Amino acid sequence: MANTRKPIVAGNWKMNGSLALLKTFIEEIGSSEQLETVLCVPSPYLSAAGRGEYILGAQDCSSFESGAHTGDTAVSMLKELGVEYVIVGHSERRQDHNESNELVANKVQTVLNAGLTPILCCGEPLEIREKGTFKEYVLEQLAAVKNVCGVSFLDNTVIAYEPIWAIGTGKTASPEQAQEVHEFIRSNLVSWNEAGQNTRILYGGSVNAGNAEQLFAQKDIDGGLIGGASLKIEDFTVIINTAKQ
Ligand code: PGA
(Lines give C-alpha, C1' and ligand atoms only; values in the text may rest on other atoms or scores of the structure.)
Protein backbone atom coordinates (compact mmCIF):
# COMPACT_ATOMS: atom_id res chain seq x y z
CA MET A 1 0.00 0.00 0.00
CA ALA A 2 1.37 3.32 -1.06
CA ASN A 3 -0.10 5.52 1.69
CA THR A 4 -0.75 5.74 5.44
CA ARG A 5 -4.48 4.95 5.45
CA LYS A 6 -5.06 1.53 7.01
CA PRO A 7 -6.09 -0.85 4.24
CA ILE A 8 -9.34 -2.77 4.28
CA VAL A 9 -10.10 -6.04 2.57
CA ALA A 10 -13.84 -6.60 2.77
CA GLY A 11 -15.43 -9.80 1.51
CA ASN A 12 -18.96 -9.49 0.17
CA TRP A 13 -20.51 -12.93 -0.01
CA LYS A 14 -23.71 -11.52 -1.57
CA MET A 15 -26.40 -14.25 -1.51
CA ASN A 16 -23.85 -17.06 -1.53
CA GLY A 17 -22.16 -19.38 0.91
CA SER A 18 -23.35 -21.79 3.57
CA LEU A 19 -22.88 -22.39 7.27
CA ALA A 20 -20.30 -25.04 6.39
CA LEU A 21 -18.25 -22.51 4.39
CA LEU A 22 -18.61 -19.97 7.17
CA LYS A 23 -17.14 -22.47 9.64
CA THR A 24 -13.94 -22.60 7.55
CA PHE A 25 -13.68 -18.82 7.50
CA ILE A 26 -14.24 -18.60 11.27
CA GLU A 27 -11.42 -21.08 11.78
CA GLU A 28 -8.96 -19.72 9.25
CA ILE A 29 -9.27 -15.94 8.89
CA GLY A 30 -7.39 -14.12 11.61
CA SER A 31 -7.13 -10.49 12.58
CA SER A 32 -4.11 -8.32 11.78
CA GLU A 33 -2.55 -5.07 12.96
CA GLN A 34 -1.69 -4.12 9.40
CA LEU A 35 -5.15 -4.08 7.86
CA GLU A 36 -8.81 -4.53 8.60
CA THR A 37 -10.34 -7.73 7.29
CA VAL A 38 -14.11 -7.46 7.06
CA LEU A 39 -16.51 -10.26 6.20
CA CYS A 40 -19.98 -9.26 4.98
CA VAL A 41 -22.10 -12.40 5.06
CA PRO A 42 -25.82 -12.77 4.27
CA SER A 43 -27.90 -11.61 7.23
CA PRO A 44 -29.11 -15.10 8.32
CA TYR A 45 -25.44 -15.96 8.95
CA LEU A 46 -24.47 -12.84 10.90
CA SER A 47 -25.12 -14.34 14.28
CA ALA A 48 -22.90 -17.37 13.61
CA ALA A 49 -20.32 -15.23 11.79
CA GLY A 50 -19.83 -13.13 14.92
CA ARG A 51 -17.55 -15.83 16.32
CA GLY A 52 -14.75 -15.05 13.84
CA GLU A 53 -11.67 -12.87 14.36
CA TYR A 54 -12.36 -10.73 11.30
CA ILE A 55 -14.54 -7.64 11.57
CA LEU A 56 -18.19 -8.40 10.97
CA GLY A 57 -20.01 -6.61 8.16
CA ALA A 58 -23.59 -6.60 6.84
CA GLN A 59 -24.66 -6.17 3.22
CA ASP A 60 -27.51 -3.72 3.71
CA CYS A 61 -29.87 -2.25 6.31
CA SER A 62 -33.13 -0.35 6.41
CA SER A 63 -33.13 3.44 6.28
CA PHE A 64 -35.67 3.29 9.11
CA GLU A 65 -34.74 2.69 12.72
CA SER A 66 -37.64 0.32 13.46
CA GLY A 67 -41.29 -0.22 12.66
CA ALA A 68 -43.62 -1.81 10.15
CA HIS A 69 -41.10 -2.78 7.44
CA THR A 70 -41.55 -6.50 6.91
CA GLY A 71 -38.41 -8.26 5.78
CA ASP A 72 -36.07 -5.36 6.51
CA THR A 73 -33.28 -5.24 9.07
CA ALA A 74 -32.70 -2.38 11.49
CA VAL A 75 -29.15 -1.20 12.00
CA SER A 76 -29.63 -1.48 15.80
CA MET A 77 -30.19 -5.23 15.29
CA LEU A 78 -26.99 -5.50 13.27
CA LYS A 79 -25.17 -3.69 16.04
CA GLU A 80 -26.48 -6.15 18.63
CA LEU A 81 -24.85 -8.94 16.62
CA GLY A 82 -21.49 -7.19 16.63
CA VAL A 83 -21.63 -5.77 13.10
CA GLU A 84 -19.25 -2.83 12.58
CA TYR A 85 -19.47 -2.19 8.84
CA VAL A 86 -22.58 -2.03 6.64
CA ILE A 87 -22.43 -2.04 2.83
CA VAL A 88 -24.80 0.64 1.58
CA GLY A 89 -25.88 1.34 -1.99
CA HIS A 90 -24.32 -1.70 -3.65
CA SER A 91 -25.15 -1.60 -7.36
CA GLU A 92 -27.10 -4.87 -7.05
CA ARG A 93 -29.39 -3.25 -4.49
CA ARG A 94 -29.68 -0.09 -6.57
CA GLN A 95 -30.71 -2.34 -9.48
CA ASP A 96 -32.77 -5.10 -7.82
CA HIS A 97 -34.53 -2.85 -5.32
CA ASN A 98 -34.58 0.47 -7.16
CA GLU A 99 -32.49 2.15 -4.50
CA SER A 100 -32.11 5.82 -5.39
CA ASN A 101 -29.20 8.07 -4.47
CA GLU A 102 -31.46 9.68 -1.87
CA LEU A 103 -32.45 6.40 -0.25
CA VAL A 104 -28.79 5.36 -0.16
CA ALA A 105 -27.94 8.68 1.49
CA ASN A 106 -30.63 8.10 4.13
CA LYS A 107 -29.19 4.66 4.82
CA VAL A 108 -25.71 6.13 5.26
CA GLN A 109 -27.16 8.55 7.80
CA THR A 110 -28.96 5.73 9.65
CA VAL A 111 -25.75 3.69 9.84
CA LEU A 112 -23.76 6.69 11.07
CA ASN A 113 -26.43 7.51 13.68
CA ALA A 114 -25.98 4.02 15.10
CA GLY A 115 -22.21 4.53 15.36
CA LEU A 116 -21.40 1.95 12.67
CA THR A 117 -19.37 2.53 9.51
CA PRO A 118 -21.04 2.52 6.09
CA ILE A 119 -19.19 1.09 3.10
CA LEU A 120 -20.78 3.39 0.56
CA CYS A 121 -20.73 1.92 -2.95
CA CYS A 122 -20.65 3.97 -6.11
CA GLY A 123 -19.86 3.16 -9.72
CA GLU A 124 -21.11 3.54 -13.25
CA PRO A 125 -22.82 1.12 -15.67
CA LEU A 126 -21.18 0.25 -18.99
CA GLU A 127 -23.16 2.72 -21.09
CA ILE A 128 -22.04 5.61 -18.87
CA ARG A 129 -18.42 4.43 -19.06
CA GLU A 130 -18.68 4.31 -22.84
CA LYS A 131 -20.31 7.73 -23.00
CA GLY A 132 -17.39 9.11 -21.00
CA THR A 133 -19.48 10.74 -18.24
CA PHE A 134 -18.52 8.26 -15.52
CA LYS A 135 -16.82 10.80 -13.26
CA GLU A 136 -19.89 13.04 -13.18
CA TYR A 137 -22.08 9.98 -12.55
CA VAL A 138 -20.01 8.83 -9.57
CA LEU A 139 -19.75 12.34 -8.18
CA GLU A 140 -23.53 12.70 -8.27
CA GLN A 141 -23.88 9.49 -6.25
CA LEU A 142 -21.48 10.80 -3.61
CA ALA A 143 -22.83 14.36 -3.60
CA ALA A 144 -26.30 13.00 -2.77
CA VAL A 145 -24.82 11.60 0.44
CA LYS A 146 -23.05 14.86 1.25
CA ASN A 147 -26.32 16.74 0.75
CA VAL A 148 -28.20 14.54 3.23
CA CYS A 149 -25.44 13.81 5.76
CA GLY A 150 -23.21 16.88 5.54
CA VAL A 151 -19.46 16.69 4.93
CA SER A 152 -18.81 15.09 8.32
CA PHE A 153 -19.85 11.75 6.81
CA LEU A 154 -16.30 11.60 5.48
CA ASP A 155 -14.93 11.06 9.00
CA ASN A 156 -16.61 7.67 9.40
CA THR A 157 -17.43 6.36 5.96
CA VAL A 158 -15.55 4.01 3.68
CA ILE A 159 -16.18 4.47 -0.02
CA ALA A 160 -16.10 1.60 -2.51
CA TYR A 161 -15.74 2.43 -6.19
CA GLU A 162 -17.22 -0.47 -8.12
CA PRO A 163 -17.72 0.03 -11.85
CA ILE A 164 -20.77 -2.11 -12.63
CA TRP A 165 -19.24 -3.42 -15.86
CA ALA A 166 -16.45 -4.98 -13.78
CA ILE A 167 -18.62 -6.68 -11.14
CA GLY A 168 -18.75 -10.44 -11.45
CA THR A 169 -17.74 -10.22 -15.09
CA GLY A 170 -14.06 -11.03 -14.81
CA LYS A 171 -13.41 -7.63 -16.49
CA THR A 172 -11.43 -5.73 -13.89
CA ALA A 173 -10.81 -2.05 -14.39
CA SER A 174 -7.11 -1.70 -15.13
CA PRO A 175 -5.09 -0.31 -12.21
CA GLU A 176 -4.78 2.96 -14.16
CA GLN A 177 -8.53 3.16 -14.87
CA ALA A 178 -9.30 2.50 -11.21
CA GLN A 179 -6.68 4.95 -9.93
CA GLU A 180 -8.01 7.64 -12.26
CA VAL A 181 -11.45 7.46 -10.66
CA HIS A 182 -10.10 7.03 -7.13
CA GLU A 183 -7.97 10.12 -7.55
CA PHE A 184 -10.96 12.02 -8.89
CA ILE A 185 -13.09 10.89 -5.94
CA ARG A 186 -10.36 11.79 -3.44
CA SER A 187 -9.82 15.27 -4.88
CA ASN A 188 -13.55 15.96 -4.63
CA LEU A 189 -13.78 14.65 -1.08
CA VAL A 190 -10.82 16.83 -0.07
CA SER A 191 -12.44 19.85 -1.73
CA TRP A 192 -15.47 19.24 0.50
CA ASN A 193 -13.40 18.71 3.62
CA GLU A 194 -9.76 18.03 4.50
CA ALA A 195 -10.98 14.83 6.26
CA GLY A 196 -11.36 13.34 2.78
CA GLN A 197 -7.61 12.82 2.79
CA ASN A 198 -8.11 10.04 5.34
CA THR A 199 -11.28 8.50 3.88
CA ARG A 200 -10.55 5.02 2.67
CA ILE A 201 -11.57 4.33 -0.90
CA LEU A 202 -11.80 0.66 -1.85
CA TYR A 203 -11.89 -0.75 -5.35
CA GLY A 204 -14.37 -3.50 -6.21
CA GLY A 205 -15.07 -5.43 -9.39
CA SER A 206 -13.47 -8.79 -10.22
CA VAL A 207 -10.58 -8.36 -7.77
CA ASN A 208 -8.81 -11.69 -7.45
CA ALA A 209 -5.64 -13.25 -6.13
CA GLY A 210 -3.84 -12.44 -9.38
CA ASN A 211 -4.70 -8.76 -9.87
CA ALA A 212 -4.96 -7.49 -6.27
CA GLU A 213 -1.30 -6.54 -5.99
CA GLN A 214 -1.30 -4.11 -8.91
CA LEU A 215 -4.61 -2.58 -7.89
CA PHE A 216 -3.60 -2.14 -4.25
CA ALA A 217 -0.31 -0.53 -5.30
CA GLN A 218 -2.20 2.50 -6.63
CA LYS A 219 -1.87 5.66 -4.56
CA ASP A 220 -5.58 6.21 -3.90
CA ILE A 221 -6.70 2.60 -3.63
CA ASP A 222 -6.96 1.63 0.04
CA GLY A 223 -8.04 -1.97 -0.35
CA GLY A 224 -10.84 -3.88 -1.96
CA LEU A 225 -14.45 -4.96 -1.77
CA ILE A 226 -14.24 -8.54 -2.94
CA GLY A 227 -17.20 -10.54 -4.24
CA GLY A 228 -16.57 -13.87 -5.97
CA ALA A 229 -13.01 -14.30 -4.67
CA SER A 230 -14.16 -13.83 -1.06
CA LEU A 231 -15.97 -17.17 -1.25
CA LYS A 232 -12.72 -19.08 -1.78
CA ILE A 233 -10.66 -19.13 1.36
CA GLU A 234 -7.33 -19.58 -0.49
CA ASP A 235 -7.96 -16.64 -2.83
CA PHE A 236 -9.32 -14.44 -0.07
CA THR A 237 -6.25 -15.20 2.05
CA VAL A 238 -3.92 -14.25 -0.81
CA ILE A 239 -5.79 -10.96 -1.26
CA ILE A 240 -5.56 -10.24 2.48
CA ASN A 241 -1.84 -10.96 2.48
CA THR A 242 -1.37 -8.75 -0.58
CA ALA A 243 -2.97 -5.81 1.23
CA LYS A 244 -0.50 -6.22 4.13
CA GLN A 245 2.49 -5.47 1.90
P1 PGA B 1 -16.91 -9.31 -7.68
O2 PGA B 1 -17.95 -8.44 -6.81
O3 PGA B 1 -15.59 -9.26 -6.94
O4 PGA B 1 -17.49 -10.66 -7.75
O5 PGA B 1 -16.82 -8.63 -9.01
C6 PGA B 1 -17.58 -7.28 -6.14
C7 PGA B 1 -18.79 -6.65 -5.47
O8 PGA B 1 -19.85 -6.60 -6.11
O9 PGA B 1 -18.74 -6.20 -4.31
Side-chain angles (χ1 to χ4, degrees), residues 7-18 21-22 25 29 35-43 45-46 49 54-61 83-99 104 107-108 111 117-126 128-129 134 137-138 141-142 157-175 177-179 181-182 185 200-216 218 221-243:
I8 299 179
V9 171
N12 173 16
W13 276 16
K14 309 189 179 186
M15 201 171 71
N16 297 301
S18 63
L21 183 69
L22 180 59
F25 277 64
I29 304 288
L35 87 165
E36 295 185 46
T37 304
V38 181
L39 193 62
C40 303
V41 296
S43 49
Y45 297 156
L46 282 169
Y54 44 75
I55 299 169
L56 192 56
Q59 298 177 8
D60 178 49
C61 70
V83 167
E84 293 179 46
Y85 284 94
V86 184
I87 298 174
V88 176
H90 191 281
S91 58
E92 286 150 18
R93 291 211 58 88
R94 291 180 191 257
Q95 250 160 22
D96 295 355
H97 300 273
N98 290 321
E99 292 198 3
V104 170
K107 288 189 177 193
V108 169
V111 173
T117 304
I119 300 177
L120 166 61
C121 298
C122 59
E124 79 285 358
L126 185 61
I128 298 289
R129 166 63 62 165
F134 51 97
Y137 186 93
V138 166
Q141 291 179 319
L142 298 176
T157 298
V158 172
I159 289 170
Y161 169 61
E162 300 203 304
I164 298 173
W165 48 271
I167 295 178
T169 58
K171 265 195 228 162
T172 327
S174 69
Q177 280 176 318
Q179 168 59 22
V181 180
H182 280 237
I185 293 173
R200 282 153 319 161
I201 308 176
L202 312 183
Y203 171 76
S206 298
V207 178
N208 59 41
N211 61 24
E213 187 174 355
Q214 272 197 309
L215 287 161
F216 294 173
Q218 303 302 310
I221 298 184
D222 304 315
L225 183 54
I226 322 296
S230 74
L231 287 155
K232 298 175 208 127
I233 190 100
E234 300 81 11
D235 293 14
F236 195 50
T237 305
V238 170
I239 295 168
I240 291 167
N241 290 334
T242 304

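In listed order, ligands and their atoms are each counted from 1. Being a predicted model, the structure only gives us computed values, none of them experimental.
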* Asked: Quick one: salt bridge (Lys or Arg N to Asp or Glu O under 4.0 Å) partners of Asp60, sequence neighbours excluded?
  ->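 For Asp60 the salt bridge (Lys or Arg N to Asp or Glu O under 4.0 Å) partners, ignoring immediate neighbours, are Arg93, Lys107.
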* To do: Name all residues meeting the side-chain hydrogen bond (donor to acceptor under 3.5 Å, both in side chains) criterion together with Gln141; count only those two or more places apart in sequence or in a different chain, and write none if there are none.
  => none
* Taking only residues two or more places apart in sequence, or in another chain, which ones meet Thr157 in a side-chain hydrogen bond (donor to acceptor under 3.5 Å, both in side chains)? ->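 side-chain hydrogen bond (donor to acceptor under 3.5 Å, both in side chains) list for Thr157, sorted by chain: empty.
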I'd like a table of the close N/O pairs between ligand 1 and the protein (anything under 3.5 Å), one pair per line with both atom names and the distance.
residue	atom	partner	partner atom	Å
ligand 1	2 (O)	Lys14	NZ	3.2
ligand 1	3 (O)	Ser206	N	3.4
ligand 1	3 (O)	Gly227	N	2.9
ligand 1	4 (O)	Gly228	N	2.8
ligand 1	5 (O)	Gly168	N	2.7
ligand 1	5 (O)	Ser206	N	2.7
ligand 1	8 (O)	Lys14	NZ	2.7
ligand 1	8 (O)	His90	NE2	2.7
ligand 1	9 (O)	Asn12	ND2	3.4
ligand 1	9 (O)	His90	NE2	3.3
ligand 1	9 (O)	Glu162	OE1	3.4
ligand 1	9 (O)	Glu162	OE2	2.7

* To do: Please confirm whether the backbone N or O of Gly227 pairs with a side-chain atom of Asn16, one donor and one acceptor, at under 3.5 Å?
  =>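 It does not hold such a pair.
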* Are the aromatic rings of Trp13 and Phe25 close, with centres under 6.0 Å apart? ->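 Centroid distance Trp13-Phe25: below 6.0 Å, so yes.
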* Do Tyr203 and Gln218 have side-chain atoms, one donor and one acceptor, less than 3.5 Å apart? -> no
